[in-house]
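The structure appears right after this line, and notes come after that.
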Amino acid sequence: MARRTLAVLVLALLWATASQAILVDPYDNILAPDGYYGLLYLNYYQADEFTGPDGDKAADIDLTATVAVVRPLAYFHVGPVPAAFQVIVPFGKVEETDLFDEDSSGLGDVIFGPGIFLYTNQNTNTYVSYWFYVFTPTGEWDKDQTINLGQNHWYFEHQLAFNQILGKWVFDMNLNYYHHLEEPDNDWKAPPRFELELSLAYQATDRLVLGLNGGGYWDLDNAEMDGTEVDDTKAKRIQFGPTLGYQITDRFGANLRWTRDLSAANDVKGDDVWLRFSYAF
């Protein structure tokens, strides 16, 4: 595989690997009481291979991402309609020491996310909401590097979120669609992407939650460079793994999640660990 093509593919995956939380946690999509909440994510991702269009290994890599995410949220009502607003601030370091021998650290792309609840039913414990995320080009960026924490362009996510509680079982699901503007320095444009996030958990005790997380994403077109489509650059990845949550106090909780990349094409394969702390003010 040519180095230029591989560089395009690495660009196409890093915006998902290093800038945002992938997969949904238990109870993420419920309607919280009006008020202010704070989330802190600590993430470590490591991958040792890059796959080609057929899913087979195309290159050995040594990619690590160590990222923290600060995520304040506010829930409120606009008249009778429940709504929310959040800001997601990632920062940390992405490093590849084998193929490119590059790293990038500092602030990532800051994300703004207003949301509205389309349907709530506390009798059946059913919640449906829509979120619109705006990714701003605030992250660390060097046009002469392939590995960058920031992406140097605006992009957007539309999310339809669902939660259903049946007894002690908790099911959360997100349907996400991403679209991008062109990156101005290298004339690179990421393709539109569809993403599915799933979480099935069991409330083992009043404070302990055990569950499984899974999901994946699929590019809907090829990437573009200099306005020209680059063939065979559609990326996809499927992840799966366990999650454990514990409510330490009435206001303070923690959640530990690990996922393994089960399959990938034009993407990296590795392991993802997330530790999340939450606090209700």
Side-chain angles (χ1 to χ4, degrees), residues 9-29 39 41-69 71 88 90 92 94 96 108 111 131 133 135 151 155 157-163 170-178 190-202 209-220 233-245 255-276:
L9 297 177
V10 172
L11 282 169
L13 69 95
L14 278 180
W15 64 268
T17 301
S19 297
Q20 67 178 119
I22 305 298
L23 301 181
V24 62
D25 288 316
Y27 293 105
D28 266 1
N29 295 334
L39 300 174
Y41 296 85
L42 303 175
N43 171 233
Y44 179 78
Y45 180 79
Q46 194 279 329
D48 57 10
E49 70 175 87
F50 196 93
T51 60
D54 56 3
D56 295 332
K57 184 170 72 171
D60 290 314
I61 61 172
D62 186 7
L63 175 70
T64 59
T66 305
V67 178
V69 178
R71 187 180 181 184
I88 302 172
V94 180
E96 201 290 313
I111 307 162
W131 301 78
Y133 294 97
F135 295 72
Q151 301 309 304
Y155 53 107
E157 175 188 357
H158 304 268
Q159 180 179 92
L160 185 65
F162 173 79
N163 171 270
V170 184
F171 177 69
D172 288 89
M173 178 177 68
N174 292 338
L175 301 175
N176 305 326
Y177 175 78
Y178 299 85
R193 173 172 292 179
F194 171 75
E195 181 178 61
L196 172 66
E197 304 174 320
L198 300 168
S199 171
L200 179 62
Y202 182 76
V209 178
L210 304 174
L212 295 172
N213 285 65
Y217 49 77
W218 298 263
D219 285 347
L220 304 179
T233 53
K234 291 182 181 179
K236 64 180 180 180
R237 191 199 302 180
I238 296 175
Q239 299 173 292
F240 184 78
T243 185
L244 182 152
N255 192 88
L256 178 64
R257 183 211 314 155
W258 168 76
T259 56
R260 172 68 180 172
D261 296 332
L262 301 181
S263 64
N266 286 332
D267 212 330
V268 296
K269 287 182 70 175
D271 294 273
D272 211 353
V273 179
W274 287 90
L275 176 60
R276 186 190 76 173

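All heavy atoms count here, side chains included; hydrogens, waters and symmetry mates do not.
- The two residues P53 and A265 make their nearest non-hydrogen contact at O-CB, 3.7 Å.
- With hydrogens and angles ignored, the 3.5 Å screen pairs a side-chain donor or acceptor of N213 with a backbone N or O of V24.
- Looking at every heavy atom in both residues, P90 comes nearest to V67 through CB-CG1, 4.1 Å.
- The CD atom of E197 lies 4.5 Å from the CG atom of N174; values are rounded to the nearest 0.5 Å.
- No hydrogens or angles considered: a donor-acceptor pair under 3.5 Å links the side chains of E195 and Y178.
- Atoms CG and CG, from N255 and D25 in turn, are 4.5 Å apart once rounded to the nearest 0.5 Å.
- Taking NZ from K269 and CZ from R260, the interatomic distance works out to 6.5 Å, rounded to the nearest 0.5 Å.
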Derivation of the side-chain contact (heavy atoms from CB on, under 4.5 Å) call for K236 and D219: CA-CA 6 Å; K236 64 180 180 180; D219 285 347; over 6 Å; no
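- To the nearest 0.5 angstrom, L210 atom CG is 9.5 Å from Y202 atom OH.
- Within the 4.5 Å cutoff, the side chain of N43 has no heavy atoms near those of the V69 side chain.
- With a 4.5 Å cut-off on side-chain heavy atoms, Y177 and P192 count as touching.
- No hydrogens or angles considered: nothing links the side chains of N163 and D28 as a donor-acceptor pair under 3.5 Å.
- Taking 4.5 Å as the limit, some side-chain heavy atom of E96 sits within range of a side-chain heavy atom of D62.
- Looking at heavy atoms from C-beta onward, K57 lies out of side-chain contact with F50 at the 4.5 angstrom threshold.
- No donor-acceptor pair under 3.5 Å is formed between the side chain of D60 and the backbone N or O of E49.
- The closest side-chain donor-acceptor pair between Y217 and D267 falls under 3.5 angstrom.
- The two residues Y45 and G270 have their closest heavy-atom pair at OH-N, 3.4 Å.
- For the pair V268/R237, a side-chain contact is recorded, criterion being any heavy-atom separation below 4.5 Å from C-beta on.
- When all heavy atoms are compared, the tightest approach of N266 to A235 is O-CB, 3.4 Å.
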Working for side-chain contact (heavy atoms from CB on, under 4.5 Å), residues R193 and L220: CA-CA 6 Å; R193 173 172 292 179; L220 304 179; 5.9 Å; no
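- Between Y41 and W274, the ring-plane angle classifies as perpendicular under the 30° and 60° cut-offs.
- Between the side chains of Q46 and D271, not a single donor N or O lies within less than 3.5 Å of an accepting N or O.
- Considering only heavy atoms from C-beta on, T243 stays 4.5 Å or farther from W258 through its side chain.
- Nearest heavy atoms, Y44 versus T66: CD1-OG1, 3.5 Å.
- Legend: residues meeting side-chain contact (heavy atoms from CB on, under 4.5 Å) with Y27, ordered by chain and number and at least two apart, are I30, I165, V170, Q203, V209.
- Separation of the Y155 and F135 ring centroids falls under the 6.0 Å cut-off.
- Remark: the backbone N or O of N29 is paired with a side-chain donor or acceptor of D172 at under 3.5 angstrom.
- The CE atom of M173 sits 12.0 Å away from the OG atom of S199 when rounded to the nearest 0.5 Å.
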Full working for side-chain contact (heavy atoms from CB on, under 4.5 Å) between L175 and F162: CA-CA 9 Å; L175 301 175; F162 173 79; over 6 Å; no
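- For the atom pair CG of L212 and CG of L200, the computed distance is 6.5 Å after rounding to the nearest 0.5 Å.
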